[in-house]
Amino acid sequence: MRTWVAPGRVNIIGEHTDYNDGFVLPIALPQVVECGARVRTDGRVCVVSEQRDDSVTVEVGELLARRDEVPGWSRYPLGVVAEFVRRGHPVSGIDLELDGAVPIGAGLSSSAALSCAVAIALRDLFAPSMSRFELIDVARAAENDYVGAPTGLLDQSASVLCTEGHALFLDIRRFGETEDGSSDGNERGSAHEQIPFDLDAFGLRLLVIDTGQTHNHAEGGYARRRAECEAAAAALGVPALRDVPSLDVVDGLADEVLRRRARHVVSENARVLEVVEILRGGGDPRAIGPILTAGHVSLREDFEISTAALDTAVATARAAGAHGARMVGGGFGGSALALVDHDRVDAVADAVREKFLASGYSEPRTFVATPSAGARMVI
Ligand code: GLA
């Protein structure tokens, strides 16, 4: 049996822009999902997980028919196998042994870490010439079609493409159109670019605050936001909100809700470009703090996906000295991040903890996120 790993992610900026063909800037987390895998020749997929008591065995040919019977957690790995088969890669059977260390439902992409760990194992075992873009797209399709979570490409791209010490700047539209897996993403102007993100050199840390309030993207809110964005693009007569040239154009939308949704996406894309410009130039990352905070305000006011606990985390972190803070991920729960001087990490974490307990929330989990490597085989 060999072992592959794929990390969770935290998005620095660029939230709900991916399915609008826009820009994102995630880093990979040190926390990974591990996938041990061994080829079988009897046509069966057998999945076990360190985090579950039940194991699942399904014939490759019955993956689609049995989808509704298998436990929810197993739909991620089974969906990846089903997607390989659907794309014409014969799978003779496989044993999968999973062990996940990415917090679940925390907005840190535990699900993409899981589907990418399985996808990279299957790629290496059954389809070695598959490009990285297709690998990412297989993991996305498994989550969209087999699990039923209508995510974009942000999480899977981060989990596969991120590198240590960098944030990944990705132009989602160009990535899908141009990526053949050959670019290593180091050239400026390519569809993905590794942006140096050495917070340590500037005495900074990225503090992640997991509120402990979990979300589930197979449920309503996320899908509604996607539909609203599509409706806004249609009303503006553009293929995607990525194509809206300025906020003035957004103001022309008659529907107030669609106007706010579009305002978030258009302004968020601009924020990604602004942050990338600052970091590319090797400038002090403290300068991105106010842009992160502006991103939170936009998600709270215009996109309306924050929660009272996330708002409390952001406000408290800032009052305790963070240079900027915002909720991350799909919203409706999960985590916030805060950009903090290294010697303020404990003070900010303690302030948030105290405020949470005083507000009747459960104790948040905090940790420092360092930009880590993407999916790979480890043994
Ligand atoms: C979730 C989805 C991503 C992305 C983010 C919001 O994490 O899986 O595709 O849309 O929400 O930026």
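Remember, it's 1-based here, ligands and their atoms both numbered in the order they're listed.
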Looking at [X], which atoms of ligand 1 are within less than 4.0 Å of one of its heavy atoms?
X	value
Tyr19	10 (O)
Gly329	6 (C), 11 (O)
Asp18	3 (C), 4 (C), 9 (O), 10 (O)

[X]-ligand 1 polar pair, N/O distance under 3.5 Å:
X	result
Gly152	yes
Tyr222	yes
Glu15	yes
Asn11	no
Ser109	no

*Can you tell me how far the CG atom of Leu153 sits from the CG atom of Asp21, to the nearest 0.5 Å?*
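Between atom CG of Leu153 and atom CG of Asp21 there are 9.5 Å.
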Would you say [Y] and [X] are linked by a side-chain donor-acceptor pair, where the criterion is simply a distance under 3.5 Å?
X	Y	value
Gln194	Thr163	yes
Thr293	His296	no
Arg9	Ser109	yes
Thr17	Arg242	no

*Taking atom CZ of Arg205 as the centre, does the number of heavy atoms from other residues, nucleotides or ligands within less than 6.0 Å exceed 12?*
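Yes, because the 6.0 Å sphere around CZ of Arg205 holds more than 12 heavy atoms from other groups.
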*Proximity of Phe303 and His16 rings by center, below 6.0 Å*: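 Ring centres of His16 and Phe303 closer than 6.0 Å.
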*What do we get for Arg9 next to ligand 1 when only non-hydrogen atoms under 4.0 Å count, side chain, backbone, both or neither?*
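Looking at Arg9 and ligand 1, just side chain atoms fall under 4.0 Å.
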